S.K.: 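This is the structure, below, for whatever I ask next.
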Amino acid sequence: MAEYVIEMLHITKEFPGIRANDDITLQLKKGEIHALLGENGAGKSTLMSVLFGLYQPEHGTILKNGQPVTIRDPNDANALHIGMVHQHFKLVECYTVLDNIILGVEPTRFGFLQKQQAREKVQSLSERYGLKVDLDAKVEDITVGMQQRTEILKMLYRDNEILIFDEPTAVLTPQEIEELMAVMKNLAAEGKSILFISHKLSEIMAVADRCTVLRKGKCIGTVNTADTTPEALSAMMVGRQVELTIDKAPAKPGEVVLEVSHLTVPSKVHKGNAVKDVSFTVRRGEILCLAGIEGNGQTQLVHALTGLSRVGGGSVKLLGQDITHATVRRRSRAGMSHIPEDRHKHGLVLDYTLEENMVLQRYWQPEFQKAGFLNFPAMRAYSDRLIEQYDVRSGQGSLTPARAMSGGNQQKAIVAREIDKDPELLVAVQPTRGLDVGAIEYIHHQILAVRDAGKAVLLVSLELDEVMNLSDRILVMYEGELVGQFDPKTVTVEELGLYMAGAKRMEL
């Protein structure tokens with residue numbers, strides 16, 4: 001029997017203006033968890049998309065159990081028992097969770113759909129792997145973490161043996177990440193082989209047997225994780241030493257910039273409120289972090305603050321000005337910037353070019369238009385400057401369609417646009433989601449620079465490392481209410497976890 005269940009030999013894949021994969025060889029053993037590490041745009045997702053049949057390589061061969069195979073599309077991949085959970089989920093939003101899981105492989109008898117049989121199989125998988133989902137909920141109404149579980153169940157339902165996880169933890173809470181790691185180890189113990197794309201060195205060290213590092217489309221090498229360190233991996237990945245923690249000066253809070261009073265936001269999923277009587281302030285010169293397990297009202301609170309959804313009661317003031325019912329543009333003009341949680345739904349117009357996306361909230365300003373006509377040379381110059389400053393990697397520079405960029409580079413483009421507006425208040429939701437250690441280091445410095453320039457920052461993060469590293473004050477949200485306020489210098493991660501899980505609360 002072949003030593004490797006999958007071999008990708010000398011794979012080369014090109015796009016206009018860029019060689020995404022340059023003569024890469026990757027070998028996966030049966031029953032191992034093999035990590036793929038690299039900067040944003042290093043070619044990790046492209047390589048996995050070649051294996052899953054989404055792209056055809058210009059050169060190279062794929063072997064399964066030592067035999068050459070041709071993978072023209074995802075149906076071929078599924079026939080070879082190769083499954084993939086994509087970084088941006090491939091779900092039909094208006095369908096239920098169950099319908100999404102069985103889509104394309106629906107069990108039928110005499111031409112009639114046997115949904116009960118499918119439900120029983122999915123429930124059994126859900127219980128076996130600890131992947132709790134509401135099978136009857138519509139995908140558009142469930143959290144990102146729940147969508148992630150739906151994708152994993154979709155893969156398991158098809159009895160796949162080779163499982164590709166593309167940034168699977170980018171959207172999960174610390175507790176969900178631990179659960180996913182346990183699920184991955186169980187799957188590997190059962191003989192399934194896992195390819196695991198991640199930027200998070202701690203996760204790779206905890207769960208992977210081996211790690212292949214890519215940089216700018218080339219393979220730098222494959223190492224046993226037991227024989228390496230996070231520092232060595234980060235240096236292989238970006239070609240230099242990276243600060244894994246950040247030094248910052250003490251905060252100097254000034255006047256109140258954002259004042260939220262008794263805010264309630266109705267839930268779109270049930271009859272109650274998703275946000276219940278929440279009050280807090282954010283001051284100049286401080287980073288206030290809103291921590292909590294996903295699905296506890298943070299998303300609805302941010303949508304209410306930024307104008308993406310209606311408020312049920314209470315008020316929101318920005319620099320003393322009531323913006324409770326203001327439009328998104330009015331909030332933007334009043335000094336608010338928003339790095340959204342869902343970069344595809346709320347951050348970018350995917351079919352616009354990078355330069356068009358960079359001026360989405362400023363195109364009406366005099367520097368970008370005259371008498372109602374867009375000034376394209378000014379837009380190009382502005383976009384080129386931000387691409388250079390934030391190291392946004394794209395095949396055709398400012399003319400690259402946003403859809404053609406890697407997830408991490410899409411994120412860097414949004415961060416560049418929102419911070420460059422020089423806001424009075426920066427609302428940053430999962431700002432480093434899907435970014436590599438080099439980019440995280442840079443974005444953290446940029447957010448700190450906003451604070452140190454005397455502006456206010458409201459950070460919403462599920463990454464406890466990020467919460468402890470960046471914030472000056474921490475508020476914990478549980479079931480739509482604020483249940484604790486902490487100083488990151490004196491609180492422990494374990495203590496925060498108890499409040500986030502609802503085991504403890506304090507009167508605020």
Side-chain angles (χ1 to χ4, degrees), residues 243 245-261 263 278-291 298 301-302 304-307 315-324 326 328-340 358-359 361-362 365 367 382 385-386 389-390 411-432 435 439-461 463 466-475 482 485-491:
E243 285 180 44
T245 56
I246 196 167
D247 288 325
K248 58 177 187 175
K252 296 173 184 169
E255 68 166 319
V256 170
V257 173
L258 178 71
E259 184 181 352
V260 179
S261 302
L263 193 71
V278 164
S279 300
F280 64 91
T281 59
V282 190
R283 297 176 175 274
R284 287 193 185 282
E286 77 165 346
I287 298 173
L288 173 68
C289 182
L290 202 59
Q298 307 96 306
L301 174 61
V302 168
L305 297 180
T306 55
S315 68
V316 181
K317 290 183 179 175
L318 184 62
L319 292 170
Q321 180 184 347
D322 192 324
I323 58 163
T324 314
V328 172
R329 182 183 287 196
R330 199 179 129 212
R331 288 171 209 243
S332 178
R333 284 183 146 167
M336 181 185 289
S337 273
H338 175 209
I339 299 167
M358 288 299 198
V359 298
Q361 297 191 335
R362 305 179 70 170
Q365 293 177 353
E367 63 190 289
Y382 177 70
R385 175 173 70 78
L386 291 187
Q389 188 180 335
Y390 284 79
Q411 185 74 4
K412 284 199 269 189
I414 294 169
V415 169
R417 181 186 70 205
E418 297 302 319
I419 288 181
D420 197 72
K421 281 165 59 185
D422 192 25
E424 297 299 328
L425 171 71
L426 175 64
V427 180
V429 189
Q430 295 284 83
T432 58
L435 295 185
I440 289 171
E441 175 192 48
Y442 184 76
I443 299 302
H444 282 177
H445 282 296
Q446 294 302 311
I447 291 172
L448 267 182
V450 172
R451 179 200 82 161
D452 293 342
K455 314 295 186 180
V457 179
L458 175 62
L459 173 69
V460 182
S461 181
E463 300 280 349
E466 185 164 75
V467 170
M468 301 299 276
N469 226 343
L470 267 188
S471 57
D472 300 308
R473 255 192 319 138
I474 302 170
L475 289 175
L482 295 180
Q485 177 168 286
F486 305 95
D487 181 339
K489 292 194 285 289
T490 57
V491 72

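As the structure is a computational prediction, the values presented were derived from the model and not from experiment. Positions are given from 1 along the sequence.
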S.K.: Would a distance-only check, ignoring hydrogens and angles, find a side-chain to backbone donor-acceptor pair under 3.5 Å from Glu259 to Thr281?
M.R.: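 Judged by distance alone, no pair lies under 3.5 Å.
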S.K.: Do the side-chain N and O atoms of Tyr390 and Asp420 include a donor-acceptor pair separated by under 3.5 angstrom?
M.R.: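 There is no such pair (donor and acceptor under 3.5 Å, judged by atom type) between the side chains of Tyr390 and Asp420.
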S.K.: Say you draw a straight line from CD1 of Ile323 to OG of Ser332; how long is it, rounded to the nearest 0.5 Å?
M.R.: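 That separation rounds to 11.0 Å.
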S.K.: Kindly give the heavy-atom pair with the smallest separation between Met336 and Pro423, and that separation in Å.
M.R.: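 In this case the closest contact between Met336 and Pro423 is C-CB, 4.4 Å.
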S.K.: Would the number of heavy atoms belonging to other residues, nucleotides or ligands and lying under 6.0 Å from NZ of Lys248 be above 12?
M.R.: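 Yes - once you tally the heavy atoms of other residues, nucleotides and ligands closer than 6.0 Å, there are more than 12.
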S.K.: So Val415 and Tyr442, do their side chains get closer than 4.5 Å, heavy atoms only?
M.R.: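 No; the side chains remain at least 4.5 Å from each other.
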S.K.: Might you work through the side-chain contact (heavy atoms from CB on, under 4.5 Å) test for Met468 and Ile474, ending with a clear yes or no?
M.R.: CA-CA 9 Å; Met468 301 299 276; Ile474 302 170; 4.2 Å; yes
S.K.: Got a second to check how far Ile287's CD1 is from Asp452's CG, nearest 0.5 Å?
M.R.: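 Taking CD1 in Ile287 and CG in Asp452, the distance rounds to 7.5 Å.
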S.K.: So which atom in Ser279 and which in Leu482 form the shortest heavy-atom distance, rounded to 0.1 Å?
M.R.: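 The answer is O-CD1, 3.6 Å.
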S.K.: For Pro250 and Arg451, which heavy atoms make the closest approach, and how far apart are they?
M.R.: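 Heavy-atom minimum between the residues: O-NH2, 4.0 Å.
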S.K.: Does the pair Leu470 and His444 meet the rule for a side-chain contact (heavy atoms from CB on, under 4.5 Å), with working shown?
M.R.: CA-CA 7 Å; Leu470 267 188; His444 282 177; 3.5 Å; yes
S.K.: Can you confirm whether Val257 sits close enough to Leu318 that some side-chain heavy atom of one is under 4.5 Å from a side-chain heavy atom of the other?
M.R.: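 Yes, side chains in contact.
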S.K.: I would like to know whether Ile414 and Arg417 meet side-chain contact (heavy atoms from CB on, under 4.5 Å); could you show each step before the answer?
M.R.: CA-CA 5 Å; Ile414 294 169; Arg417 181 186 70 205; 4.0 Å; yes
S.K.: Look up atom CD in Glu418 and atom CE in Met358, then write down how far apart they are to the nearest 0.5 Å.
M.R.: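 Glu418 atom CD to Met358 atom CE measures 10.5 Å (nearest 0.5 Å).
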S.K.: Please report the closest heavy-atom contact between Ala334 and Leu319, naming both atoms and the distance.
M.R.: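 So the two residues come closest at O-CD1, 4.4 Å.
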S.K.: Looking at CG of Leu290 and CG of Leu458, how far apart are the two atoms once the value is rounded to the nearest 0.5 Å?
M.R.: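 With rounding to 0.5 Å, CG (Leu290) is 6.0 Å from CG (Leu458).
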S.K.: Might you point out which heavy atoms bring Asp322 and Lys317 nearest each other, and give the distance in Å?
M.R.: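 Result for this residue pair: CA-CG, 4.1 Å.
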S.K.: Nearest 0.5 Å, please: how far is NZ in Lys412 from OG1 in Thr432?
M.R.: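 Reported to 0.5 Å precision, the distance equals 12.5 Å.
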S.K.: I'd like to know if the side chain of Gln411 and the backbone of Pro431 have a donor-acceptor N/O pair within less than 3.5 Å.
M.R.: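 Pair found, side chain donor or acceptor close to backbone of Pro431.
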S.K.: Judged by atom type as modelled, is there a donor-acceptor pair below 3.5 Å linking the side chain of Arg331 to the main-chain atoms of Ala326?
M.R.: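 A pair under 3.5 Å: yes.
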S.K.: Judged by atom type as modelled, is there a donor-acceptor pair below 3.5 Å linking the side chain of Ser461 to the main-chain atoms of Gln430?
M.R.: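 Not at all, since once roles are kept as given, no pair shorter than 3.5 Å links the two residues.
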S.K.: Decide, yes or no, whether a salt bridge links Asp472 with Arg283 under the criterion of side-chain N to carboxylate O below 4.0 Å.
M.R.: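 Looking at Arg283 together with Asp472, the answer is no, because their closest N to O distance does not fall below 4.0 Å.
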S.K.: The test is side-chain contact (heavy atoms from CB on, under 4.5 Å); show your working for Leu258 and Leu305 and say whether it passes.
M.R.: CA-CA 9 Å; Leu258 178 71; Leu305 297 180; 4.3 Å; yes
S.K.: Strictly distance-based, threshold 3.5 Å: is any side-chain N or O of Arg284 a donor or acceptor partner for the main-chain N or O of Glu255?
M.R.: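 No; zero donor-acceptor contacts below 3.5 Å.
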S.K.: If I take atom CD from residue Gln298 and atom CG from residue Leu301, how far apart are they, to the nearest 0.5 angstrom?
M.R.: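 One finds 8.5 Å between CD of Gln298 and CG of Leu301.
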S.K.: Do the side chains of Gln321 and Arg330 get nearer than 4.5 Å, heavy atoms only?
M.R.: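 With C-beta onward as the side chain, the pair touches.
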